[in-house]
2 protein chains.
Amino acid sequence: MDDEKKSRHSANVTADDVALAAGVSRWTVNRAFKKAASISPKSREKVMTAAEALGYVPDLRAASLASDRSNLVALLIDDFANPHKLVMLERLTRALRRKGWDTLLVNTLDREDAAPAILNASQRRVDAAILIGIQFDDDVLEAALRARRFKKLIIFARTSENPDTISISVDDIKATQEIAAYVLARGYKRPLFLAGPRTYSAHLLRLETFVDSWQRATGDTPENISVAEYDPILAADAAYKTLSALPPQARPDIIVCENDALAIGTIDTIRHRLGLRVPQDIAVIGFDDVPQAESPNYRLTTYRQPLTDMANYLVDVLESAEDIDFDRTFTGRLVTRESA
Amino acid sequence: MDDEKKSRHSANVTADDVALAAGVSRWTVNRAFKKAASISPKSREKVMTAAEALGYVPDLRAASLASDRSNLVALLIDDFANPHKLVMLERLTRALRRKGWDTLLVNTLDREDAAPAILNASQRRVDAAILIGIQFDDDVLEAALRARRFKKLIIFARTSENPDTISISVDDIKATQEIAAYVLARGYKRPLFLAGPRTYSAHLLRLETFVDSWQRATGDTPENISVAEYDPILAADAAYKTLSALPPQARPDIIVCENDALAIGTIDTIRHRLGLRVPQDIAVIGFDDVPQAESPNYRLTTYRQPLTDMANYLVDVLESAEDIDFDRTFTGRLVTRESA
DNA sequence: TTGTAAGCGTTATCAC
DNA sequence: GTGATAACGCTTACAA
């Protein structure tokens, strides 16, 4: 009769089974698996022994369904060309796991599929969505906001002006000002700014800040170009096109890149297609401090974001029930190597 | 009274609400959201209109709980230094999503936390676990197998001899033989094989096959070294240590690397620490064909795995209910560029 | 084609 | 500290 009850699926060990074996109620079994439980050590002991023997572990789906908290976040990413994303993935998943959060990885690279993918994540009733991509324009954001099961929508490592989102990022203005000051202090005269996609305003902050700082300091307006994606190969092509069209004396003496992915492509082009040296002929500066940046090949001067702190703060935000403005900017630091 | 019923949580739109609005039963509502449904177009129409109006979407947790299929897989990864993993992540999540599968990203880099992380994924009742890491030794595998809710345990892009796992990979022996033949045909005389971690037998296949092929063809045994992780920086150090200790005439004329991450670090060292040229002084060959491999900087000759085919096959395996041997090897191809 | 009723394995509530 | 009981929102028979 008990057997009949669970005959539909291949017998699955539930809290009831453990309760029976341990001679307690189901409630006690569940309590035993909680951290802060009002349960006697003796009961817990009994339960744990029985659970161990039966191979019982709580079913998180059922827990989520009953409690309306999933302890699951969706990580939306649309950028797989930038190795920095791998670092972010590692830091985020680590920080989340440590506090009991699981991560649903959602690939929104395919623009057509982005909205359905987001909707799908919302159907898993994730507690929050974290955006670590780059092409998150209004469409995607709109889709995410419309699929409004997301209690929190967090833009990680990028600023956002959307009031419905929580932005956890480095202070781009401060960082770029620091970069500009460094470029100036090192005596460079003709900087070129290499930017990423300029479709959305948030992406322009570093460019604008740099141009602004430089103008203020020198009166000159630096040149700038942009590429459609944060892809080293596109950056290499763009840099080649611009540089090869210039006579040597008109060449920039430093290229300030919006991030390391672009900087690395740029260095490759300077050396291998133009036959010039970095930094002697043209210096290069990046942003992110990807692992590659410290390889003997690049020795890239770049700006490092405090990713671990940012990830930990993100988890705090997730755990907080308050309804406040969680936006926060962090301060990183310039890592100076030999490329500039 | 209806209000009372759903008072516990902030009113959530359920299939019942839609059924009421559409004047059908809950069953019909659920059916309307299935692809292959025995439902009249008229009913579906009614349901969809009501659902749209109410903002209803099915709750996948409840669906999973009731059906004992989660359409969720756990992707276990412990390697965030190799950019190739980003490509794999993209391909896998794309192929999975296309067929309605979601991906739980599980970071098992922290060895202490690996087993708990795997257990945790099993508590979400994922339908399968996919291993795309490298350090999956017996401990981790054991933990995954013990957390035996995984209906399938798939080792992706790496061979495994464990009979309880499904291995979807490229034919390493064939691939390595092809590489050896290429090296031979190009007239190289003193190859050095740079291998990854040699802790586990599966990792040794490429090394052993290369050594074997070379011996067979020339009678000589090639030198080999190994590094503890697939990390370009470690590879750079290891290569430097070995090469700098050798007089020029004893230097290898080609370094065959177990993968591109190692090859890239090796090239960096050859050029920037030893001041030699690739391929004129020392050629380098890799495995994987990471995006970087085609950059003008590296122009790496390497072996490309048919990742998309492999990912699609993986999805087929997931969908299959048969109980057969799903192991399968694919054949890639050597992409020849200028590094060797 | 459609409806009904009984699960799925938890958590929440409220007594004891 | 512990136990019963009703949700949570869906799927799966089986009946109509």
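As the structure is a prediction and not an experimental result, all values here were calculated from the model. Letters go in sequence order (proteins before strands), and every chain restarts at 1.
In this model, the phosphate group of C/dT11 is approached by a side-chain N or O of A/Asn30 to a distance below 4.0 Å at OP1 or OP2. Checking the phosphate oxygens (OP1, OP2) of C/dG9, no side-chain nitrogen or oxygen of A/Thr14 falls inside 4.0 Å. For C/dT10, the OP1/OP2 oxygens have no side-chain nitrogen or oxygen of A/Arg31 closer than 4.0 Å. Checking the phosphate oxygens (OP1, OP2) of C/dG3, a side-chain nitrogen or oxygen of B/Ser25 falls inside 4.0 Å. Within the structure, a side-chain polar atom (N or O) of A/Lys34 is placed less than 4.0 Å from OP1 or OP2 of C/dT11. Between B/Ser64 and the phosphate of C/dC8, there is no side-chain N or O to OP1/OP2 separation shorter than 4.0 Å. The side chain of B/Thr28 contributes no N or O atom lying less than 4.0 Å from OP1 or OP2 of C/dT1.
Rounded to whole Å, the distance from CG on A/Leu60 to P on C/dT10 is 10 Å. When rounded to the nearest whole Å, the span between CZ of A/Arg61 and P of C/dG7 equals 18 Å. Distance B/Asp16 CG to C/dA5 C1': 13 Å, rounded to the nearest Å. Atom CG in A/Asn71 sits roughly 15 Å away from atom P in C/dT10 (whole-Å rounding). When rounded to the nearest whole Å, the span between CZ of A/Phe33 and P of C/dT10 equals 9 Å. Atom CD in B/Gln123 sits roughly 9 Å away from atom P in C/dT10 (whole-Å rounding). Rounding to whole angstrom units, CZ of residue B/Arg125 and C1' of D/dC10 are separated by 17 Å. Taking atom CH2 on B/Trp27 and atom C1' on C/dT4, their separation rounds to 12 Å, with Å as the unit.
Residue B/Asp59 has its side chain nearest to D/dC10 when only C/dG9, D/dC10, C/dG3 are considered. Nearest to the side chain of B/Ser67, among D/dT12, C/dA12, D/dC10, sits D/dT12. The listed nucleotides are C/dT4, D/dG9, D/dG3; the one nearest the side chain of B/Leu65 is D/dG9.
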| Could you walk me through whether B/Arg328 and B/Asp309 pass the salt bridge (charged side-chain N to carboxylate O under 4.0 Å, His left out) check? | CA-CA 11 Å; B/Arg328 179 156 157 199; B/Asp309 293 345; over 6 Å; no
| query | What do the steps show when you test A/Asp127 against A/Lys152 for side-chain contact (heavy atoms from CB on, under 4.5 Å), and what is the final call? | reply | CA-CA 7 Å; A/Asp127 289 331; A/Lys152 285 168 182 152; over 6 Å; no
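Nearer the 5' end of DNA chain C, as judged by each residue's closest nucleotide, is the contact made by B/Val24, out of B/Val24 and B/Ala62.
A salt bridge does not link A/Arg61 to B/Asp59: none of the charged side-chain nitrogens sits closer than 4.0 Å to a carboxylate oxygen.
A side-chain contact (heavy atoms from CB on, under 4.5 Å) with B/Leu92 is found for one member of B/Ile132, B/Thr103, B/Leu307, B/Thr308 and no other, namely B/Ile132.
You'll find the ring centres of B/Tyr313 and B/Phe156 outside the 6.0 Å limit.
For a distance-only test at 3.5 Å, the side chain of A/Arg26 qualifies as a donor-acceptor partner of the base of C/dT10.
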